[in-house]
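What you see is a predicted model, and the numbers here were worked out from it, not measured in a lab. In the text below, chain A, chain B and the rest are named by the order of the sequence lines, each starting its count at 1.
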Protein chains: 4
Amino acid sequence: MAMKKSEGRVTIEKQVEDRRTSIGSQRNPASEEAILKAAQDILLEGGLPAFSIEAVARRAKAGKPTIYRWWPSKAALLLDVYHRQKDGVPHPDTGDIRKDLSLFLGGLIGFWRDGGGAIFRSIIAEAQSDPAALQALQAYALSRCRQSGVILERGQARGEVRADIDPALLIELFSSFAWNRLLTSRLDVSDEEIEQIVSAVVDGVAVRK
Amino acid sequence: MAMKKSEGRVTIEKQVEDRRTSIGSQRNPASEEAILKAAQDILLEGGLPAFSIEAVARRAKAGKPTIYRWWPSKAALLLDVYHRQKDGVPHPDTGDIRKDLSLFLGGLIGFWRDGGGAIFRSIIAEAQSDPAALQALQAYALSRCRQSGVILERGQARGEVRADIDPALLIELFSSFAWNRLLTSRLDVSDEEIEQIVSAVVDGVAVRK
Amino acid sequence: MAMKKSEGRVTIEKQVEDRRTSIGSQRNPASEEAILKAAQDILLEGGLPAFSIEAVARRAKAGKPTIYRWWPSKAALLLDVYHRQKDGVPHPDTGDIRKDLSLFLGGLIGFWRDGGGAIFRSIIAEAQSDPAALQALQAYALSRCRQSGVILERGQARGEVRADIDPALLIELFSSFAWNRLLTSRLDVSDEEIEQIVSAVVDGVAVRK
Amino acid sequence: MAMKKSEGRVTIEKQVEDRRTSIGSQRNPASEEAILKAAQDILLEGGLPAFSIEAVARRAKAGKPTIYRWWPSKAALLLDVYHRQKDGVPHPDTGDIRKDLSLFLGGLIGFWRDGGGAIFRSIIAEAQSDPAALQALQAYALSRCRQSGVILERGQARGEVRADIDPALLIELFSSFAWNRLLTSRLDVSDEEIEQIVSAVVDGVAVRK
DNA sequence: AACTAACCGAGACGGTACGTCTCGTCTTATG
DNA sequence: CATAAGACGAGACGTACCGTCTCGGTTAGTT
């Protein structure tokens, strides 16, 4: 992406090496792209400790004020970076609530374990000190729970799931578990563990009388 | 010279007053106490962003090296501060697994909501960038889950809870929910919500056939 | 926004007042000046022991990195401070080598005695532990000796001074005496002593046969 | 020296490794020796920058208070270290003032160049900030000049040197030159240079009429 | 023989300064 | 007027020493 940026301007005069300058009184998409790319790369390579506005500017060959102009805080940049990744967590519809929930939970954990979690971890951490990030995180989490609640709603429609269950709340319970494992770097969850959790919740912990 | 030494301490009690000096080749409990107190106060007042070794040293009227001597990292100090608060989360034993779990989850959330959570939030945030903090957090979380697992073990002993349930894993599921709410500042959980979650897990989400 | 920028500077003069910020991608003369001034004042007030980068930064209301950016070492800053004082040691040209040398030596000692020596003392001291300072001092001393050698060169041109004398070496001998007195705080040299030294060297210590 | 210290106690029980403890209510010569030795070694190896009370204590395996008990300041320790070295600068008596002065100046420079100067440099540097060191240095320098003045006094007695010359002052002039070279690390003075200086002063710089 | 007094090492204490890092703001020069 | 560049004040980081203090142990003289 970042390489493409000068491609359209090659013929216009002599082009000073590889420098990216203003394109006038408007936001420069090449800069935005370079900054987001740099931010993402830094996060994936060095994690949150390596992530600083300074480092992003350096790597993106951008001026710090350019970053501050468009992203008011570290958290805003983090969120933008996160939104770029399509998160690939599915809302399966196999017709079997056990399978659906196992696939959902396993998918979420797997996505995070395979590299997708680093940035989200950073956002959660940032949200503990930055109120703006916190609000964004709240909104994001809520909408995700609602979206994923569809799994249970389908189960309810099929008469497979109790009608008095709040789908979003239950999804929150499952994804909380994934959060916990993400935040404690214990994402190596076996299929058995996932199935045990799903089974416990679906069938109930209590002995059937 | 030797006479002067004890002269200032004749009145046994209230003495510390101004300056706190060494008590010889051994750790000074007064310093440790002052440092932990200062650290706690700073955390409660300004949260994680205000928490720096510099600030703690200043407030505790201690030298920075004194802190570094005893706590190798910011995270170590954070954990020590957290350990000082007796966390008051109970392991209730009412004989009814529903009540026990509700009291446990409600107790944890209540404790965090009423001020006890701020420091733990900070530790989780810190653990996202500091490997040492992460390790400490892992160990802590694990041991807590095992401890609280006793609630379910008692249920199993009573024949109330399925024997194939892993107590620690189930507790982890419940406390994950509390973590989630702590980290998203949504600890205002109603008793109904807690009961719904407990009920869902105890009785199962599935419709009984 | 853009309008606000110049608003505070409408009245051209007296403006600096409180805060001194960047003037763009280039060295800020106001900062440089403030730092050198602060350094000089600290040296004159508290001498070398009071002179620390920390103290200079504090007094100049500058950040430490700003100092380290422009002066790689304490010694470099010291030398810059010394160079600011025009040192007022003359190269007199009375036509009489005795008078010229007396005025030179007396002038040097007098300049140091009347306040100008404190900083140079500090530089010499610093050079004993800092190789960079040492090198700077060597270069400075050498060039001064060569400059002042002109006194003897004129004497040689007049046929008053032996042609086989190395002017710089002789000047070094005289200024060494001043160094010695500076470093041992014995700058209260009487005119008689100066004349005795000059007389000894000019006329020779040996009895004329 | 330091090695000998346990020699007398070998047979008395099992001797805890190599520890040097108190010998009762009196100064322990072994400790003093070990401290001076350590101080000297550090100075010769790392120069003034490496010389700290901390380092000396570490190397001498002594407690810091033991050092502070006997030497009130860094300078005092430095001076003691310097006094241990017999300085080997001669007061030659060849009967020829030229030879005597050349041997004196050459001897002083040579002694310093061959390792003896490092400590004296340190003392001079220290004296620029420590008044106690300064005073000690003044006294030392004065007495040395007076002692070495004997060279010129003998010349005066022989009728070889003008009677109106102050011997100490002249010696100060010569040794100032050595100081200068010591402090600027330019002790590689050739015999020719020494002879030129001596010749200039003995015979006079002025052309004989 | 017991006691005292001073010494010993060790090392903790409250501090200061070090030199490096990042922060978020600012101004320049370039296009 | 947006950009890359980079200087600025601020202040935290972790380290090295400073000079003071207390400790527990050792040993020489004195009782």
Please round to the nearest 0.5 Å and tell me the distance separating atom [atom1] of [X] and atom [atom2] of [Y].
X	Y	atom1	atom2	answer
L36(B)	W71(B)	CG	CH2	4.5 Å
L44(D)	S122(D)	CG	OG	9.0 Å
E126(A)	L48(B)	CD	CG	10.0 Å
Q40(C)	R84(C)	CD	CZ	5.5 Å

(Q) At a heavy-atom distance below 4.0 Å, what parts of residues 42-56 of chain B sit against DNA chain F? (A)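 Per residue number, the list reads S52(B), I53(B), E54(B).
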Separation of atom [atom1] in [X] from atom [atom2] in [N], rounded to whole Å:
X	N	atom1	atom2	value
N28(B)	dA10(E)	CG	C1'	16 Å
R59(C)	dA10(F)	CZ	C1'	20 Å
Q26(B)	dG25(F)	CD	P	11 Å
I35(C)	dA7(F)	CD1	C1'	11 Å
D130(D)	dG19(F)	CG	C1'	14 Å
R27(B)	dC23(F)	CZ	P	18 Å
E126(D)	dC17(F)	CD	P	15 Å
R58(B)	dA12(F)	CZ	P	5 Å

Q) Among V81(B), I124(B), L79(B), which one satisfies side chain to side chain contact (heavy atoms under 4.5 Å, CB included) with I119(B)? A)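 It is V81(B); the other options fail the test.
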Q.
Looking at the base of dG11(E), is there any donor atom on it, or on the side chain of K64(D), that sits under 3.5 Å from an acceptor on the other one?
A.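 Not at all, since no donor on one side and acceptor on the other fall under 3.5 Å apart.
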**Q.** R121(B): partners by salt bridge (charged side-chain N to carboxylate O under 4.0 Å, His left out), with sequence neighbours left out
**A.**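 Per chain and number, R121(B) pairs via salt bridge (charged side-chain N to carboxylate O under 4.0 Å, His left out) with no residue.
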**Q.** Close side-chain approach of Y68(B) to L77(B), heavy-atom, < 4.5 Å
**A.**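 A side-chain contact is absent here, since even the closest heavy-atom pair is not under 4.5 Å.
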Q. Taking side chain as C-beta onward, heavy atoms only, is L78(B) less than 4.5 Å from L43(B)?
A.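 Heavy-atom side-chain distance check passes, below 4.5 Å.
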Q) Between dG9(E), dT22(E), dG14(E), which one does the side chain of A62(B) approach most closely? A)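 Taking heavy atoms from C-beta onward, the closest nucleotide is dG14(E).
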Q) With nearest nucleotides of DNA chain F determined for A60(C) and P65(B) from heavy-atom distances, which residue corresponds to the more 5′ nucleotide? A)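 The residue closer to the strand's 5' end, by nearest nucleotide, is A60(C).
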Q.
Near DNA chain E, counting only heavy atoms under 4.0 Å, which residues of residues 66-80 of chain B show up?
A.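 Under 4.0 Å from DNA chain E: T66(B), R69(B), W70(B).
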Q.
Using a strict threshold of under 4.0 Å (side-chain N to carboxylate O), is an ion pair present between E45(C) and R59(C)?
A.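 Looking at E45(C) together with R59(C), the answer is yes, because their closest N to O distance falls below 4.0 Å.
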